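Throughout, a chain's letter reflects where its sequence line sits, starting with A, and its residues are numbered from 1. Predicted model only: the values in this text are computed from it and were never measured.
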Amino acid sequence: MQTSDLHQISESCFEIPAVGLMNVPARLFADRALLEGMDEKVREQISNVARLPGIVTAAFAMPDAHWGYGFPIGGVAAFDPRQGGVISMGGIGYDISCGVRALRTGLPEEEVRPRLEEVATALFERVPAGIGSEGKIRLDRRGLDEVLLGGARWAVEQGYGEPGELEFVEERGRMEGADTGAVSDTAKSRGLNQIGTLGSGNHYLEVQVVDQVHDADAASAFGIAAGEVLLTLHCGSRAIGHQVATDYQRELGKAARRLGLSLPDRELVCAPIDSPEGRRYYGAMAAAVNGALANRQVIAALAARAFRSVLPEARVGILYDVSHNTCKVEEHEVDGARRRLWVHRKGATRAFGPGHPDVPAAYREVGQPVLVGGTMGTGSYVLAGTSASAGLAFASACHGAGRSMSRNEALRHWRGDRLQRELASRGILIKGHSLRGLAEEAPGAYKDIDDVARATHEAGLARRVARLRPIACVKG
DNA sequence: ATGTAC
């Protein structure tokens, strides 16, 4: 991206002023080097978002931003219904409530390393993954509606995990406002057998070691220390969320035409929050969020059982679970006034700061854990929300390394089998369902996670707590 | 991301 005409407002924040049809400015949180590596499309897309009706303060791009559908991945935008604010499917994405859950194991690397092959095999065998994969849970329509209304709480009621875990899941495991009647029959049929499955693409189940502690107090509050092993999973709502997104792409398009909204990009179809279509989309999206929360709750329980089948002394427990593809109703202070806003985060993680009532009591003094999934060959991060984050980008931070190369381009550069051997030689064990999928996910196709975490930290969006290093990874 | 193509 060209950076010469961007207005630099701090070391790690650049602004595109509100010109022409933009209602607000666009702000890109990244250092100059990251921005220079970003696609020009990010700038175009985030400027388009700034044109949407009822947008508040600015459209934001996180340091891991890259070209997405309508909105960039790594995009944040908040809308006020009292000013004609909209809800947009492109602002959430196809993988509704994709997110990360991190589990502590209570074991140091030395105790896991000798059994790593068995651990990885157990995880691979017990957690269904891959395109079209199905789980063991069989549901009828009524059962699925209970999932879509109950989220992780439903999964706990079914015996997957303990009630005490729910406090450490965003929304306490269940998002309000789900409307199962707004979820199409097609979406429900597709989702029926997929609860407890990982999926494909960038989704994974990883064994990681706490590589470096940046903030000892926060790490201690989060119950992690250098050398300890974590079990981390990244996945979303599978086909049900994808179908909801597909259905409402059409529905919101119709609404936008009916209401004569002039849109900068047909991928930015949206409807007023207070319109029938907008409300139905919100209800369907919330249902898909609950599907994802249930999915991660079940997978976590399966993964914990798999891990303990090899290492029974492990005490597997949740650190946190947070989504990065959502729209949520939150209260934020804007120019001194509290306002109720519909905050879209697409490839962006909620990052509530210290003292926020929605941060679990055990973490409240240090801020919400922000789980950032990097790549299978480099690393991941645990960050924490800051006091400044609410005032910067509606309490949002990055969500991953962010692609620097498209999947097709990655396929021209890497081969799955060779990549797997290379990683093995570096002590990282990969169990994949698809060699092609591995090549698409080559670490070299992503930005440098350390650069992204540093920029996020320097921008004040979230602060670094710990760097995680992968030792084994199950990929779909 | 995705019954990788309605």
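- Here Gln194(A) lies in heavy-atom contact (under 4.0 Å) with sugar-phosphate atoms only.
- Rounded to a whole Å, the CD atom of Gln243(A) is 15 Å from the C1' atom of dT4(B).
- Listed by first and then second residue, the ring pair (Phe, Tyr, Trp, His ring centres under 6.0 Å) pairs involving residues 398-444 of chain A are Phe124(A)-His433(A), His324(A)-His399(A) (not counting sequence neighbours).
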What would the secondary structure line of DNA chain B be in dot-bracket form, counting Watson-Crick and G-U wobble pairs under 3.5 Å, with [ ] for pairs that cross earlier ones and | for pairs with another strand? ......
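- Near DNA chain B, meaning a heavy atom under 4.0 Å from it, residues 249-258 of chain A has no residue at all.
- Atom NE2 of His433(A) is separated from atom C1' of dT4(B) by 16 Å (rounded to the nearest Å).
- Between Arg403(A) and Thr246(A), the one whose closest nucleotide on DNA chain B sits nearer the 5' end is Arg403(A).
- For Lys328(A), the side-chain hydrogen bond (donor to acceptor under 3.5 Å, both in side chains) test picks out Glu170(A), Glu171(A), with sequence neighbours left out.
- Nucleotide dT4(B) holds its C1' atom 15 Å from the CG atom of Leu438(A), rounded to whole Å.
- The salt bridge (charged side-chain N to carboxylate O under 4.0 Å, His left out) analysis of residues 130-142 of chain A, with sequence neighbours excluded, yields the pairs Glu134(A)-Arg138(A), Arg141(A)-Asp185(A).
- When the P atom of dT4(B) is taken as reference, atom CZ of Arg407(A) falls 14 Å away, rounded to whole Å.
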Decide side-chain contact (heavy atoms from CB on, under 4.5 Å) for Ile73(A) and Lys346(A); before the verdict, give the C-alpha distance in whole Å, the side-chain angles of both, and the deciding distance to 0.1 Å. CA-CA 5 Å; Ile73(A) 294 158; Lys346(A) 179 198 200 174; 4.2 Å; yes
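- Residue contacts for Arg436(A): at a heavy-atom cut-off of 4.0 Å it reaches no nucleic acid atom on any strand shown.
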For residues 419-427 of chain A, which side-chain N or O atoms pair as donor and acceptor with protein atoms under 3.5 Å away, sequence neighbours left out?
| residue | atom | partner | partner atom | Å |
| --- | --- | --- | --- | --- |
| Gln420(A) | NE2 | Ile430(A) | O | 2.8 |
| Ser425(A) | OG | Glu422(A) | O | 2.6 |
| Arg426(A) | NH2 | Gly377(A) | O | 2.5 |

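- Within 4.0 Å (heavy atoms only), Gly201(A) reaches sugar-phosphate atoms of the nucleic acid but no base atom.
- The CG atom of Asn325(A) sits 11 Å away from the P atom of dT2(B) (whole-angstrom rounding).
- In this structure, Glu441(A) places its CD atom 11 Å from P of dT2(B), rounding to the nearest Å.
- If you take NZ of Lys475(A) and C1' of dT4(B), they are 15 Å apart, rounded to a whole angstrom.
- As rounded to whole Å, 6 Å separates atom P of dT4(B) from atom CD1 of Ile131(A).
- For Arg153(A) and Glu157(A), the salt-bridge test fails: no basic side-chain N is under 4.0 Å from an acidic carboxylate O.
- Screening residues 65-81 of chain A for side chain to side chain donor-acceptor pair (under 3.5 Å) gives Tyr69(A)-Gln249(A), Asp80(A)-Arg339(A) as the qualifying pairs, with residues at least two apart or on separate chains.
- Counting only residues at least two apart or in different chains, side chain to side chain donor-acceptor pair (under 3.5 Å) contacts with residues 281-293 of chain A are absent.
- Applying the ring pair (Phe, Tyr, Trp, His ring centres under 6.0 Å) test to residues at least two apart or on different chains, the pairs with a partner in residues 188-208 of chain A are His203(A)-His234(A), Tyr204(A)-His234(A).
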